[in-house]
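To keep things clear, I will list the structure first and then write my remarks on it.
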Amino acid sequence: MSENVVHLHKPTDPPTPDTAPTVLAVVPDAPPARPVPLWVRSGRAVKTAATHERTRSTGRAVARHASYTFNGGRIVARRTWDGRTGSRYERMIRAAEAAGNLEAAEEWEERLQRFRAARHHRRMDLLHSPVEAAKGVAVGAGMSIGTLVALGIVMAINTGHVGDVITPLTATIDFIALLIRIVQIVWGPALTVGPFLALLALWSVGREQQAAPNWALPANVRNGEGEPITPSIVVKALRDLGVPALRNAIKEMGDAGASMLGPITIAGCGVEVDVTLPSGVSTNEVQNKRRKLAENLTRHEHEVFITIPQAARTVRLWIADSGALDEPIGPSPLVTDETMTADYAKGKAPWGQDLRGDAAALSLYQRHLLITGLSNQGKTVALRSLALWLSLDRSVQFLMGDLKGVGDWAMFDGLAMTLIQGPTDEHVIQVTEMVEGAVDEMNRRIQAPPGTTFPPLIVLVDEAQVAFMCPAKDEDKRPYGGSKANSRYFMAVRKIHNQGRAVNVLMWQGTQDPTNENLPKLVREGAHTRASLALGTESQARMALGDKAVDGGAAPNLLRPGLDRGTLVVASDGITIPAGQASITVRTHYIDDDAAEAITDRAKALRDGVTTLHAIERSAEHDSLADIAAVIGDAPRVRTKDVLARLATRNADAYGGWSFIDLKRVLDDAGAEPYKSDGVMVVARDRVARALVNRDTDGSASAHG
């Protein structure tokens, strides 16, 4: 043992730096570490080897393939038993009885009786078959030998050799001996290889049915991603749904639970199947388990939809192909069909596709509209596609406010009567005055004689939350934003919601992140058509679509932001919604800016020409004749009622109360009288322009109102 030498002071002498004597002390080194016993090291090595991923994978593979072989034998035995006995029919009878379908039970019982009668007939035939077989062999052998001898006689006559009489018979005997020899050679190896081939066949059956414990299956099979929907998968998913009555009924049916299912048919990017529920199970018990059902079917919740068809005690399942809803849909008919036109009153806008792949079309006739959702989810494109379709009806007029102001609506310049674009408070003020002008037009229409028809006027505000959140106030201290009784934008929208529908003045709004602050309750509930893209919470979903729709299953908060861009949950009577549902999910067509410009160019070609205002004129001074010329624009003639509507939009204070008599008075005084064309009163652009030139040439005073 090595030693360390250290100096220590005597305890009796006070230590001093110079004279303190020292003694030497021997301190042993620290003892060496004790060796780890061999059995501990061996145990650790065994544990490491046992828990290594390669070992676990090998163990799973051994268990999997052993299960394939064993369970494959069970499957073959079950199929053989079913083929030889009436157990299959008995299971179907029990399933029909459990489902309460007595007619089907009687039909299966008749089939069982026919099967038993046929089996009895075959067994009786077997009692007589040995004698009949022996007779057949004897007769056949005799005929064969006779035939061979006759053939030999013919050969002998032909060759002149008597020995050829038995040549055919000898050749036949030699051939039979050769076959026996071949069988003797092959029989030994066949007995050796046969069992292995049988095991391989059983393994193949088990592998095809994935007949192994779930933990032993490969990872991609355990995950079930992309697994095709089969009757057995649907039945198992329903059995494991957690509804006791349903589970017990399926257990009583044995393996015939698939008798609850109708045909599984392809429906769009998925499959559809009707499920007739057993007695004692209600449809809402299945509807309320949508998430669990989707997970049992190895799908995400947004890939499974449950509707109620007309048949009693039946639910209709639509199950998407895994990942199919992430694929884009085709282009809009507005883009592909350049001859398409719109009909505001009778037509429907081609908005997109439902989840089954069927076309989803929306009626816009006398329906206020609200679209909401998180930012950058496709709200503007979805709203714009409806306006693009409606622009192809030449009778429709637009007042537009884009409070984002990045050019998303620029293609409507020359199509909309007013187009205000920008996010500032001044733009909010302009948009508010535009909506208030629409209110004046609405009031003018309401006061018109009964039976008067009016062209549709769409008042569209995108990013409406900017208007509701605006802090600006007018000279009377009235706020433009907010939701109080003196809030100008809020009150103007409410007035249109209350009375505009009857005279075809409609309010369309798009907004982000609905809350009580940026989308007041009275405004959102005034919309007839409410649609929502992806949202963050259920409370936002209720604000966007209403409690009834959300309680009925609408869940825009379950849409995936970014992945489900352009997918809307719609609650409206203007779109076909499956029976029993409160909403429908629509994947909207994407129309980019270039395609939108092409559509608006076609819409402009249908019209006489529209002069778009980009600001609301507030001047008290106005030149009536000049304003009439401005609203006529480049059109050769415009109907008088359209001139009145455009004047009211241009300056609501000055022209909001105008009637045909007021318009005629100004035109008559200027020498530009309106006249009839094709049975309607119109104002000619050339007459008004000539009156303006004559007035300025004569130096007469302008007609100020």
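Excluded from the calculations below are hydrogen atoms, water molecules and symmetry mates; all remaining heavy atoms, backbone and side chain alike, are included.
Contact detail for I591 and A595: the closest heavy-atom pair is CG2-CB, 3.8 Å. Heavy atoms only, all atoms of each residue included: V570 and A531 are closest at CG2-CB, 4.1 Å. When all heavy atoms of L370 and A544 are compared, the pair lying nearest together is CD2-O, 4.5 Å. Residues L238 and L246 come closest through the heavy atom pair O-CD2, 3.4 Å. Residues H497 and G526 share a closest heavy-atom pair of ND1-CA, 3.6 Å. When all heavy atoms are compared, the tightest approach of G330 to H589 is O-ND1, 2.8 Å.
Each side-chain hydrogen bond (donor to acceptor under 3.5 Å, both in side chains) pair with one or both residues in residues 233-246, not counting sequence neighbours, appears once here: K236-D240. Among residues at least two apart or in separate chains, salt bridge (Lys or Arg N to Asp or Glu O under 4.0 Å) pairs with a member in residues 381-391 are R384-D593.
Contact annotation: the side chain of T372 never approaches that of Q512 to less than 4.5 Å [non-hydrogen atoms, C-beta and beyond]. Between R316 and F305 the shortest side-chain heavy-atom distance does not fall below 4.5 Å. Within the 4.5 Å cutoff, the side chain of N557 has no heavy atoms near those of the T537 side chain. R116 places a side-chain heavy atom less than 4.5 Å from the side chain of Q113. Looking at I496 and V493, their side chains never come closer than 4.5 Å, going by heavy atoms from C-beta outward. Residues L559 and L533 are not in side-chain contact: their nearest non-hydrogen atoms beyond the backbone lie 4.5 Å or more apart. With a 4.5 Å cut-off on side-chain heavy atoms, L362 and V586 do not count as touching. A heavy-atom distance below 4.5 Å is found between the side chains of Q509 and V523.
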- Query: Between L390 and W508, is a side chain to side chain contact (heavy atoms under 4.5 Å, CB included) present by the stated rule, with each step listed?
  - Reply: CA-CA 13 Å; L390 202 54; W508 291 9; 3.8 Å; yes
- Item | N504 and Y344: CA distance, side-chain angles, deciding distance, side chain to side chain donor-acceptor pair (under 3.5 Å) verdict | CA-CA 10 Å; N504 282 333; Y344 161 75; 2.9 Å; yes
- Which is it for M340 and W389 under the side chain to side chain contact (heavy atoms under 4.5 Å, CB included) test, yes or no, and what are the steps along the way? CA-CA 9 Å; M340 176 176 285; W389 176 77; 4.2 Å; yes
- Message: Working note: T585 + L568, criterion side chain to side chain contact (heavy atoms under 4.5 Å, CB included); need CA distance, chi angles, decisive distance, verdict.
- Response: CA-CA 6 Å; T585 301; L568 287 161; over 6 Å; no
- Message: Walk me through whether V273 and W318 qualify under side chain to side chain contact (heavy atoms under 4.5 Å, CB included).
- Response: CA-CA 7 Å; V273 58; W318 184 84; over 6 Å; no
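Atom CE of M543 is separated from atom CG of D513 by 11.0 Å, given to the nearest 0.5 angstrom.
Counting non-hydrogen atoms of other residues, nucleotides and ligands closer than 6.0 Å to CZ of R119 gives a total above 12. Other residues, nucleotides and ligands place more than 12 heavy atoms under 6.0 Å from the CG atom of L606. Residue E109 places its CD atom among 12 or fewer non-hydrogen atoms of other residues, nucleotides or ligands, all under 6.0 Å distant.
With hydrogens and angles ignored, the 3.5 Å screen pairs a side-chain donor or acceptor of D354 with a backbone N or O of D358. Checking side-chain atoms of N248 against main-chain N and O of P244 turns up a donor-acceptor pair under 3.5 Å. Looking only at distances, a side-chain donor or acceptor of D564 sits under 3.5 Å from a matching main-chain atom of R560. One N or O on the side chain of H368 and one on the backbone of M507 form a donor-acceptor pair closer than 3.5 Å. Under a 3.5 Å cut-off, the side chain of R501 and the backbone N or O of L506 do not form any donor-acceptor pair. Side-chain atoms of W409 never come within 3.5 Å of backbone atoms of T380 as a donor-acceptor pair (strictly under, hydrogens ignored). Using a distance-only test at 3.5 Å, with no hydrogens or angles considered, no donor-acceptor pair links the side chain of R367 to the main chain of T529. In this structure, the side chain of S204 does not engage the main chain of L200 through any donor-acceptor pair within 3.5 Å. Although no hydrogens or angles enter the test, the distance criterion places a donor-acceptor pair under 3.5 Å between the side chain of E303 and the main chain of H300. Looking only at distances, no side-chain donor or acceptor of R602 sits under 3.5 Å from a matching main-chain atom of L392.
Listed by chain and number, the residues in a side chain to side chain donor-acceptor pair (under 3.5 Å) with R587 amount to none (sequence neighbours excluded).
Using modelled atom types and a 3.5 Å distance limit, the side chains of Q465 and T511 yield a donor-acceptor pair. Side chains of D274 and T314: a donor-acceptor N/O pair is absent below 3.5 angstrom, by distance only. A donor-acceptor pair shorter than 3.5 Å cannot be found between the side chains of Q287 and E285.
The pair E463-K379 meets the salt-bridge criterion, with a side-chain N (NZ, NE, NH1 or NH2) lying under 4.0 Å from an Asp/Glu carboxylate O. Between R299 and E295 there is no salt bridge, since none of the side-chain N atoms of the basic residue sits less than 4.0 Å from a carboxylate O of the acidic one.
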